[in-house]
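Okay, so here's the structure we're looking at.
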Amino acid sequence: MKIDVKDVTMIYPSGKKALQNVSFSVESPDFVGILGPNGAGKSTLMKLMTAALRETRGKIELDGKSLLSQESMLKRNLGYLPQVFGLYDELTVWQFMDYMSALKGIKDKEEIEWALEQTGLKDKRKIRIGNLSGGQKQRVGIAQAIVGHPELMILDEPTVGLDPEERIRFRNIFSEMSRDRIVFLSTHIVDDVQAVCNRVLVIYGGKILFDGAPSDLIDSTVDHVGSYVRSLDEVIPEDCEIVSKVNTRNGVLTRIVGENLPDYVEKCEPTLEDAYLYTVAAHSRS
Amino acid sequence: MKKIIKYEAKIILCKPYVPILLLINLLYSYYLLSADIILGVSDTAPFSGWSFGKYMGSGVLWTFLLSLLILITSNAGRKNVAVLTNVTGISPKKLNLVRSLIVTVFFLLSCLLIFLLGCVFLQTLFQTIRIGAYLAAFLLTALPCAILIIGFGTVAGNLHPAFGYVLIVLLLAVSLFAAAGIGGGYLLDAAGASYYETVSGLLESFEASETPFVIRGGYVLARSLYACLGIAVFWFGYTGSGKKDRFLSRMLS
Amino acid sequence: MNQLIKAIRAEFIRLMKKKTTYILMLCHIISIALCFVPYLQRQLRIFMNDGFDVIASGTNEYIYRPFVIGSLAGSILWGIYVLASADKEKKNNSREMVSAFMDERKHSFTRIMAFLGVAILDTVLCMLVFLPVCMKKMDYLFQWKTYIIYPLILMLAGIVMTVFLMEGLYRLSENTIVSLLVFGILTAVQFTPAFKNSIFVRWNLPQELPVSDTVGSAGILRILIYTRIILLLCSICIWSLASLFIRKYQYGPVRSFLVSLKKPLRLTVPVLCALIAAFMVAGQPFIDHGPLVVEDIGNVFETSWDLAAECSHVQRDYYFDTVRGTIRGTYKLDIEETAKQDLEIYHNAGIKIKHLTFNGEEVDFTTHFRKEDALKTSLSDVYSAFRLPEGSTGELVCEFEGYPTQSRTNYKDWEYSCANRTVGPDYIYLHADIVGMEGVGNAPYTSKTRIHVPTSHVPLADGFEMKKVEDEEGGITCWETYNDYAIIMSSPNEICDIDYDKAKVKLAYNQKNGYAIRKYKLDEAASDVLRYCDDHIGTLNTDETNRITIELVSSELGGGYASDGNAVIDESVLSAENLSDQKDGANGNETFMHEIVHLFLGDLGLPFDDDGLWSCEGMTVYTTYRIVKEKYGALYAKKYYSDVWEEVVKKQNNNFYLRNPGYLDKLPESYKNSILSSIGTDNKYCRMPLMLLKAEQILGEEKMDAVIQELYARRNEYYMNGGCCTFEDFLNAAGLEKEDLEL
């Protein structure tokens, strides 16, 4: 499967420009992490790729043909978990999965069993969804996205509400699934992208700031990340962004990213988070 | 598809208020029989086609409104789930159609219950029923409403619930005014109940004989128009272009 | 407290920012507006009056009933809103956030106060919207006091109760469906035959009561306010008790309640409300608290009152508190000689004797309900018994005070009534002998009854003007009558003379009705009727002074009656709706004329048998037709009378059950009786007049008049023999058979 997003612009009826001239290509297998602040256009991009929205300009192609003309084929092979979703509280976990499977045309009950097992819901299959906790409902959402081993998975903040152990487990499941399919993962948790994605798209203000391997993004930030100890009321150097602050006895240990770091700032090994902040900050300044 | 129908029926109808409202509807139908129909409509026999037609029409009206209410509340409650179901292989339009068919079947079965209740009541009391006339009344009152439900169901998913509530109030008001002979009279009545009282009153003979049960062409035409309206709304909702869907789904998102 | 007020304010503003609030207000206004649509107005009138299309007054049509419907509609709308809002808070977990900084009970109270604030705005808005409509419809009869009070106690009170109730139900059950069900049951129960007449059950659909356009209906208002307060207390009790079940620490309802009870003071509000409500119910002043007995009217003719004392003079003085509706006064007797037995003073059950003295010395007495005589109990009388030495002579003085009550026997379950005893600023109606002594009336004596009423009043005793004694301080005037069994009606009355040669006929009415009297020329109409009846029926029966008063009283009376020299008619005949009611003819005074004819036929004149077909109504309707024919022409009379009768009779003949009596027998008894009784009204008011018209066609008008005159001439004979004029008497006098008049 290959997805080509060609010069896509999305303007909502209210006039808001959600995406501007976005272009990229993804071919199976691939695990793409999408990073960006709130309102950057991540969810809009996801909705365009699920054919829930229609682009204002440009086109999205699936295997060389227009996505919209292949909507039914797309949906047959799509596993989608939006950021905000609802479930039928009156159904049990099993009933809901059975229902979603029927909608997706999945007849094999083993698929449901597998999805429930992957998401740790096997022993909760007979519990009404209304009686589940927030995290368990999130797992139901993930289960319905992965059931049937879809060829394209689009996951928007899938690990929200999960504890760290579950978060790690699920990202590993997604990573494993990405071996033979395309997985898009939109998240604020940079660690997840760094850990499992082989490609990252940084979106800011509707534009793609970076498209490439996470290691490349990190490399571009070398010599632009450092840390130093400062006093409480000391201002950070100009054109720098704070990554983290830790109060110590000697002062505030501050990690910063910036174009030109002063000499007193000790340079550090950049992480993906540093690289993301640097990239976004640089774009804001320009 | 069987599974989808089974689960949709469970989601739509297995709500606590559905059997309660249905029970209230049946109780009201019984009350109507025992307080009003038993006296006979326009001095016809209580077991005449006229009386039964009025009874059936009133029962159908309330069942129709109840069914619309179920449709609206079930649609309103599934907006958040729609983001998941809309990206499955099944088209949202087909799903809407399945839902409206489920509600329509519920509606027809409820009307059948009301029909049976009426027959049993009259048979028990008077040992006389006129099945032919009753069936005609049943079909003329219930079928157009059933088609309207299908039609409305295909567009309901795309409309704000408030439209549905306004529609219910409008239908009720129109029926009340029809009963009062205001506006188009019985022709406007959504369930067709007022035809039986109005026309039997007009045909009432003061020669102390039974008013013959007749179905006028105008009435059949009016009911057919309602059915056609349902078909038109269904066609508009079901065969709407992809462009429209995109716009509507953009509005929803 | 500051936090609470701020929270209430914030919640109120939040509600005012929601579209739903305004949609609800609009729906509420529309629901009240439906009461002004003529077709629906009529249907509602029939529904609220147990199937009768009775127009009591303009106030009923344009203020009372619309705001009763507004109460029901508002209760449903606001009840669902309160419930939905509480449920939404639970579902979106905002309640959890709020309970982090505010006690749940306080939060519930905050919500209630905010909703009440919005409900008050809604009520004010409804009142403003319909004010011009009511002012226009009611015209000169519009009163600000009425327009402000009734919406508040009917509609706003209903909504307030609903808000407390629904919030309480939800806190108790935490379930929308259960709360809605309970609300539905409490609303639906008001429609059931068992409870629809019980004023304490009619919480959001108050009963339709015949309020007056002119005299303020003080008695009705007091009953309404009193009962609405009790119901409000009950709803507050329910909420405050339910709030103790608000879930804490994820416990269930019972454990949460037990946790709440750790602060016993929390029970204060529900217990207080319940106690106050219970005391108010138990002690409510409108109904006597005597035993419920089966009324046995036959007893009245068998009971004889032994002569207890010979009196030379009796005097009563009545003073009124027109705001509280109470009476106080003195009852003095100049006793000549007492017999050797207990003396009993009878008085209304609401009246308490404060002092009883004989020749200045206190006399002990005991008060009881007369249980063995069922009829006396049904008149809401109690007896205060005392004993004086045999042969005593002197002055007995009884000082009393109280609120005149109605008989619980007649009005079970505290059904409303204050028809024949009411005290208000604009209207006082009571029997002069509300306090009296058994046996006194058996010997000759002189008597004087004095009343002290507002100076604007012109009181009548059995229709006769009372004699003015003097003006007193505080805007009070003293009047007196020598008829100590009279029915006194005191109100700002006007009295006009009716032009009639044979007797002095006066028409007495509240001055507010003067406009209608003059506009519809009712004095002329009365005069025309009297002259016609005099020529075609006979001379009017008057008292020994050859005078008669036609007295229009408050519509609370409902109907009318006649006694010597006095014919009392309910003022609803003067309501604009009745006067303009097309079905009674294009000229609005015909209903009034019908009532005047009753002075000759029924009431004071010829007594009639009532066999369901033959009654005074038939002859009266026929006579009114004859008057109308003479006044407005044959075509007019045919259009509005005989054609209408024919239509009704034809329809009746066509009635399925009359044509097929075999099916009537198949019906359950209650249905059968209901059908037969509805036929009865048409028989009396349409079939009988049509039969009389047929008789007239056979005999000719002159002979018909002669027959009626012959029957009328026998009225004294009937009175003497305790009989009445039957259909058989008519046929014999006319020389006709029943078959001759078959329709």
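In what follows, chains carry the letters A, B, and so on, assigned in the order in which the sequence lines appear, proteins first and then strands, with residues in each chain numbered from 1.
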Note to self: Quick check on the interface: out of A/M73, A/M100, A/Q95, A/Q144, who has the most heavy-atom pairs with chain B under 4.5 Å?
What the structure shows: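 Most pairs with chain B among the choices: A/Q95.
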Check: When heavy-atom pairs shorter than 4.5 Å are enumerated against chain B, which of A/D98, A/T50, A/L87, A/L91 gives the highest number?
Finding: A/D98
Check: Looking only at heavy atoms, what is the nearest atom pair of A/K75 and B/N86, with distance?
Finding: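 Residues A/K75 and B/N86, closest heavy atoms: NZ-O, 2.8 Å.
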Notebook entry, point to check: Taking all non-hydrogen atoms of both residues, which atom of A/F85 and which atom of B/L84 are closest, and how far apart?
Noted result: CD1-CD1, 3.9 Å
Return yes when atom [atom1] of [X] has more than 12 non-hydrogen atoms of other residues, nucleotides or ligands closer than 6.0 Å, and no otherwise.
{"X": "B/Y30", "atom1": "OH", "result": "no"}
{"X": "B/Y28", "atom1": "OH", "result": "yes"}
{"X": "A/K137", "atom1": "NZ", "result": "yes"}
{"X": "B/Y7", "atom1": "OH", "result": "yes"}

Next item on the list: Only one of B/K3, B/K10, B/E8 passes side chain to side chain donor-acceptor pair (under 3.5 Å) with A/Y99; say which it is.
Entry: B/E8
Checklist line | Part of B/K94 lying under 4.5 Å from any heavy atom of chain A | finding: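 No part of it gets close to chain A.
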Check: Going from OH on A/Y88 to CG on B/N80, what distance comes out if it is rounded to the nearest 0.5 angstrom?
Finding: 10.5 Å
Next item on the list: Could you tell me which portion of A/N77 (side chain, backbone, both or neither) has an atom closer than 4.5 angstrom to a non-hydrogen atom of chain B?
Entry: neither
